[in-house]
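One structure is given below, encoded as structure tokens.
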Amino acid sequence: MSTAGIIFSNLNNNTLSLLTADRTVAAIPFACRYRLIDFALSNMIHANISEISVVTNYNYRSLVDHIGSGKDWDLARRRGGISLISPFQSATPTQRPEVYKTHLEALQAMKENIARMSADEIVMSDCEYICNIDLRTMIERHRISGADMTILTIPCRPDWTSDGARLLLSRDKEGYVTGGGVCREAVESFPYISIDIFILGREFLLRMLSDAEAAGYTSLSRDIICRHFARYNFRMEVYDGYVASVSNFNDYFSESIRLTGNTALRTALLGNDTRPILTNVHNSAPVAYREGCCVRSAMIADDCVIEGTVENSILFRGVKVGRGSVVKNCILFGNTYVGENSTLNCVVADKSVCIGDGRVLSGHITMPMYIPKNRKV
Amino acid sequence: MYFKKECIAMLLAGGQGSRLYDLTKHTAKPAVSFGGKYRIIDFPLSNCINSGIDTVGVLTQYQPLALNEYIGNGAPWDLDRSRGGLSVLPPYQGNKHSDWYKGTANAIYQNLNFIRQYHPDYVLILSGDHIYKMDYSAMLAAHKKNNARCTVATITVPMQEASRFGICNTNPDGSIYEFEEKPKKPKNNQASMGIYIFNTETLVEYLEKDEADPTSQNDFGKNIIPSLLASGERLFSYPFSGYWKDVGTISSLWEANMDLLGEESILRQGDRDFRIYSRNTARPPQFVGDSAIIRNSMISEGTSVDGIVVNSILSGGVLVESGAEIHESVIMSDVHIGEGAKIYYAIIDSDVVIEPGAVVGSPDADRDHITVIAQGTHVACKKEEVRK
């Protein structure tokens, strides 16, 4: 029995617009040296999945850069490996090309790829729920259950449902889905949130796609899961580990800063010896802590040079913090440069931002300040 | 099938490195950790690929287990090629007789068939015990320009240390007229770096000649180079001016690590174009805790610091608990340093546990009195004296 993976890189409603102006959700940097897709990819790899398709629609340049040949995830294979599925336009278009917008449309578009796969089962995953999960056990339990599809969920967290629509579900004693809805806020009758990881048989997926095409459905969650849970055999797994949701900018900021202050969460997500999160390798030098630096509660990636003060912050690769500068509650993406005697508080600086000497920038914990890519301050 | 490479490299990585004592008890010197995330062999291997040399034979002999595992198929250095790439060359059993590598020259001699596979015009001979960044393609260009048979890379060393090295005495045009191995009274301070480029036919000719001489020690510095000079071959010096450090002793290994801390660190020079590659272990990012104080130090991935770290190098997966102090030391991977432990002027090998309150080394020590703790040691809470 083998399993293939499908990762959707940015098919959800886009509420992360600042960070996705020129990248897909999957390519958003997270936790010091990773990108969101690394979590979905690593979860699959640690479950022995070595045939993975990554579905993209827009803005996938940085994702392509990041994945490369797949070598850093051991996915540069002759059999299986990683493949990028992007929208396809023929040389002699007979009709206007349509870029798929939902999971179901994307799956319809890659039906041929799915039909050619040799795997018996498929795990589908999004990139917006970040977790380090033992998928192997989940797949095993799915097999034993004989269900058509297993949906991974967590108990509802009311603070999450305020922004964007999520798939909420209810279940019976055996764990089978008994109802659901795509909602913007918590609903008492549906106490579980789907974390958008689905395990299903490949044959079943193809059958479901045919049924959906015949019925003209466009959404997997709204049209199939919520309406036809009784027709199919859908069960759910309730996961009790740590899941970070970054579906909007404030969540992204607070989940990131939370990691710097909570060793248990950090270990659960990143520090698992049997399931390390894999990412692409830069071969940069270790961090240099220079004379006069002061660093507290910070996650710092390779190639950083620190001469100033850094607290409760996340520094991605190649960040430089100059003498006398103070960086607090900040997320500084790769190659951010902070000059001398500047003060930054609650700032998210996108890649290669340059902040000069003596600047004072501040957001608030509830309203972080964002500086776009390559900007000079 | 006929493969042709203009220049291939032969990397001598079989030495024991006995002056590194406990650090090389179970591993060959080139596999010793350096600068947090590197091994010594990363430097010559990265230099090769950064110089456009994609065929490297690595000659191993002493304790090759860790080294073999580390270099694998050469993928971290982009040396996993279907034509050329990296090959590990241990001593082997021959048709008529089999032998260990008797010396550096004999090691290459036994692998002449490996060299012949690639029909190279030039062979670059390297050793695996120096820390430096060097563009070998510039040296090769000089070799061709001089129409030399052999070129020896040299570096200026302090006059008082010159008698520790092989010294090249040169004419104004750079040609070598005399080569003195560890002279008592050196005539100048141009030391051989142990890096040679040979025309392949010259190399083959002199290796065969050397092999036929039963009194020879089969060594490049002691036998091959003097023999070339005696025959009046065109031998040139290639003066190199960057950072270069032999890490053959505990003091020099410690010192080379400390050299990485300055603003002039070799790791940050021209880094984008001339990166040192190493095998990556996919560790989580490093974390600096609430009570940490870090001064002038270099720390690698997967390490968590809650104590005090001053003028030190920490590898991956190290845990420094609160109240622990590390001064002027090199800590290799996965070392656990307990609460309140104190470490001064030490090199601590991987997987060591320092119990809470233990003291290693002394704050009054110096570069000549470095404490070495062997791999896997458990240091209890009393003063440990393992001076080397």
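These numbers come from a predicted model, not from an experiment. Letters A, B, ... mirror the listed sequences (proteins, then strands); counts begin at 1.
- Other residues, nucleotides and ligands contribute only 12 or fewer heavy atoms inside 6.0 Å of the CG atom of A:Asp273.
- With rounding to the nearest 0.5 angstrom, the CG atom of A:Asn312 is 7.5 Å from the CG atom of B:Asp290.
- Contact between B:Leu267 and A:Ala285 at its shortest, heavy atoms only, is CB-CB, 3.9 Å.
- B:Arg295 approaches A:Gly292 most closely through the heavy-atom pair CD-N, 4.2 Å.
- For A:Arg375, the CZ atom sits in a loose shell: 12 or fewer heavy atoms of surrounding residues, nucleotides or ligands are nearer than 6.0 Å.
- Contact count against chain A (heavy-atom pairs under 4.5 Å) is highest for B:Ser297 among B:Ser297, B:Gly317, B:Gly302.
- Distance check: A:Cys293 SG to B:Ile293 CD1 gives 10.5 Å after rounding to the nearest 0.5 Å.
- Within 6.0 Å of CD in B:Glu69 there are 12 or fewer heavy atoms belonging to other residues, nucleotides or ligands.
- Looking only at heavy-atom pairs under 4.5 Å with chain A, the residue among B:Gly289, B:Gly36, B:Ser300 that has the most is B:Gly289.
- Between B:Val288 and A:Val295, the closest heavy-atom pair is CG1-O, 3.3 Å.
- In this structure, CG in A:Asn280 is found 9.5 Å from CG in B:Asn280, a value given to the nearest 0.5 Å.
- Within a 6.0 Å radius of CD1 in A:Ile365, more than 12 heavy atoms belonging to other residues, nucleotides or ligands are found.
- Closest non-hydrogen pair, B:Pro285 versus A:Leu270, comes out as CD-CD1, 3.9 Å.
- Neither the backbone nor the side chain of A:Val310 comes within contact range of chain B; no heavy atoms are under 4.5 Å apart.
- Heavy atoms of other residues, nucleotides or ligands lying less than 6.0 angstrom from NZ of B:Lys342 number more than 12.
- In this structure, CD1 on B:Ile294 lies 9.5 Å from CZ on A:Arg296, to the nearest 0.5 angstrom.
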Trace of the side-chain contact (heavy atoms from CB on, under 4.5 Å) decision for A:Tyr289 with B:Val309:
CA-CA 10 Å; A:Tyr289 295 88; B:Val309 180; over 6 Å; no
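- Scanning all heavy atoms of the two residues, the minimum distance from B:Gly262 to A:Arg290 falls at O-NH2, 3.8 Å.
- In terms of heavy atoms, A:Ser284 sits closest to B:Lys37 at O-NZ, 2.7 Å.
- We find the CD1-CD distance between A:Ile300 and B:Glu301 to be 12.5 Å, quoted to the nearest 0.5 Å.
- The CG atom of B:Asp78 lies 9.5 Å from the CG atom of A:Asn283; values are rounded to the nearest 0.5 Å.
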Take A:Met299 and B:Gln286 through the test side-chain contact (heavy atoms from CB on, under 4.5 Å) and record every step on the way to the result.
CA-CA 6 Å; A:Met299 288 167 79; B:Gln286 61 189 277; over 6 Å; no
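- With chain B as partner, the option from A:Pro276, A:Ala288, A:Cys304 having the largest number of non-hydrogen pairs under 4.5 angstrom is A:Ala288.
- If you measure heavy-atom distances from A:Glu307 to chain B, the contacts under 4.5 Å come from the side chain alone.
- Inspection of non-hydrogen atoms places A:Ala31, A:Cys32, A:Arg33, A:Tyr34 of residues 27-36 of chain A under 4.5 Å from chain B.
- Against chain B, the residues from residues 321-334 of chain A that qualify, each with a non-hydrogen atom under 4.5 angstrom away, are A:Arg323 in number order.
- Contact of B:Ile313 with chain A is not made at all, since no heavy-atom distance falls under 4.5 Å.
- Note on A:Asp302, A:Ile277, A:Val281, A:Thr279: by heavy-atom pairs under 4.5 Å with chain B, the leading option is A:Asp302.
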